[in-house]
Protein chains: 2
Amino acid sequence: MSAGPLVATVVVIFAIIDEALQVLLVHRTGDPERGKWALPGGLWRGDEPLDRTAARKLTEETGAADLYLEQLFTTSDLDVGQPGVAVAYFALVDAAAVRLRIGDQWPPEWHRVDDLEPLAFDNNSVIAQALERARAKLDYTNIAYGLLPDEFTIRDLQGTYEAILGRDLDRRNFRKRMLSNGIIESTETRRHEGAHRPALLYRFVSREPVFL
Amino acid sequence: MSAGPLVATVVVIFAIIDEALQVLLVHRTGDPERGKWALPGGLWRGDEPLDRTAARKLTEETGAADLYLEQLFTTSDLDVGQPGVAVAYFALVDAAAVRLRIGDQWPPEWHRVDDLEPLAFDNNSVIAQALERARAKLDYTNIAYGLLPDEFTIRDLQGTYEAILGRDLDRRNFRKRMLSNGIIESTETRRHEGAHRPALLYRFVSREPVFL
DNA sequence: CCAAAAGTGTTAAAGCTACACCCATGG
DNA sequence: CCATGGGTGTAGCTTTAACACTTTTGG
């Protein structure tokens, strides 16, 4: 037992699944709020940088590394009966690259962001803020790279934008914007997928965060 | 002595003085980096919300309350030899309303942001990030209200924008934008100030943060 | 009447939105 | 040949940037 304040990290992990934006939740195994769905997180032990604790948590839950991870904010409203701060992060991962922990008593699960039950603590509001940040950043950064595999069609990319923004976009305008703002480039290959014209595949010019 | 991690707050306090953006610095009174200029801050004791600790620090240093205060980010790079996190904030205050602590051995001082010596820890980078955030928010919020008194001329407002952005703006376009975006409104009074046409005074429609 | 800052409009360029038709493929 | 999604261009509108002269005042 320590006399000092707690420092915890909490991670909002987003992925696109079934064409919808989903967030990864775990069951709380301890009190308070035991048994409720909650964001994954854990105590910071002080033996590594805070960002690495968050990145480690992300990898533990999803098996995926090297994706998009950004700090959101820090709050001292922990509701755990002792002083402490929680540092919230949000991450964007490619669902296809994720391997969830299985076999656990309480495996993590994906939940649609647009239809969330009340979660432990103020986790609903943390997710809302993560979503707001992600929406804003779509407009002026390339962060969507976190949600997509190396190669994708422009339609895949548009679906990703639509899932996050929660509204439909015009196909022609979307394509023009993406091709002119320089965040993606064409591979010269096509993907054949059904009884129709095959789509050109693209990749992100950079898989590091870039501002437009 | 506590065995747990430290939690500290650090505040970047900006004001416009001599038509330049300046930041409030204090002398470090303890090791490490004793005697160097540094951002004001202090330990969080866990008996109040984190934001209130930052707000209190702001008031202690400037005598001013109810201005603009926003959380920036949290880092664990403290360089103090024991584990801990620092939560950085930035604040915008009206220099005319500030009464600095005096009589202290090491009174706080305003320093021009565009000409800073190397400060303690990574404080230069914290200030740079605060400035970047403030610049971005000028474009789509009314946060400039924090830097100005209740009544001001459009020219005062433009000077504030220019000091933060670090570049000159076109007077006619600036005026048009400010009058059309709805963040300020005319008082019907004028300020007479020298051998020239008196300027109309304006006020902010809201002195709470508003997004455009 | 002069110096100094306040106040005011227009034009061109760029960017954004809305919108409809042809293309390539598999079955 | 047909159903399906991929791919393309244009016209109107809004927004932004550039730019110069007249007004009001104090001295």
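With hydrogens and angles ignored, no donor-acceptor pair under 3.5 angstrom links the side chain of R155(A) to the base of dG6(D).
Here the C1' atom of nucleotide dC23(C) and the CZ atom of R171(A) are 12 Å apart, to the nearest Å. Separating the CG atom of D170(A) from the P atom of dA20(C) is a distance of 11 Å, rounded to the nearest angstrom. What separates CG of D168(B) from C1' of dA18(D) is a distance of 15 Å, to the nearest Å. Distance CZ (R191(A)) to P (dG26(C)): 15 Å, rounded to an integer number of Å. In this structure, H196(A) places its NE2 atom 17 Å from C1' of dC22(C), rounding to the nearest Å. Counting to the nearest Å, the P atom of dA5(C) and the CZ atom of R190(B) are 18 Å from each other.
Checked for salt-bridge contact, R167(A) and E162(A) miss the test: no charged N lies under 4.0 Å from a carboxylate O. A salt bridge links K57(B) to E60(B): at least one charged side-chain nitrogen sits closer than 4.0 Å to a carboxylate oxygen.
Annotation: proximity of residues 173-186 of chain A to DNA chain C (heavy atom, distance under 4.0 Å) is found for N173(A), K176(A), numbered in ascending order.
Judged by closest nucleotide on DNA chain D, I154(A) is the one of I154(A) and A195(B) placed further toward the 5' end.
Of the N and O atoms on the side chains of Y202(B) and D156(B), not one donor lies less than 3.5 Å from an acceptor on the other residue.
Phosphate proximity of dG7(C) to R172(B): absent, as no side-chain N or O sits under 4.0 Å from OP1 or OP2.
Taking the six-membered ring where tryptophan is involved, the planes of Y68(B) and Y145(B) are perpendicular, since the angle between them exceeds 60° and thus also 30°.
Residue H192(B) has its side chain nearest to dG26(D) when only dG7(C), dG26(D), dG6(D) are considered. Residue R197(A) places its side chain closer to dG5(D) than to any other of dG5(D), dA4(C), dT23(D).
Here the two rings, on F204(A) and F152(A), have centers that are under 6.0 Å apart.
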Could you give me the CA-CA distance, side-chain angles and deciding distance for L116(A) and W37(A), then say whether side chain to side chain contact (heavy atoms under 4.5 Å, CB included) is met?
-> CA-CA 10 Å; L116(A) 283 179; W37(A) 288 108; over 6 Å; no
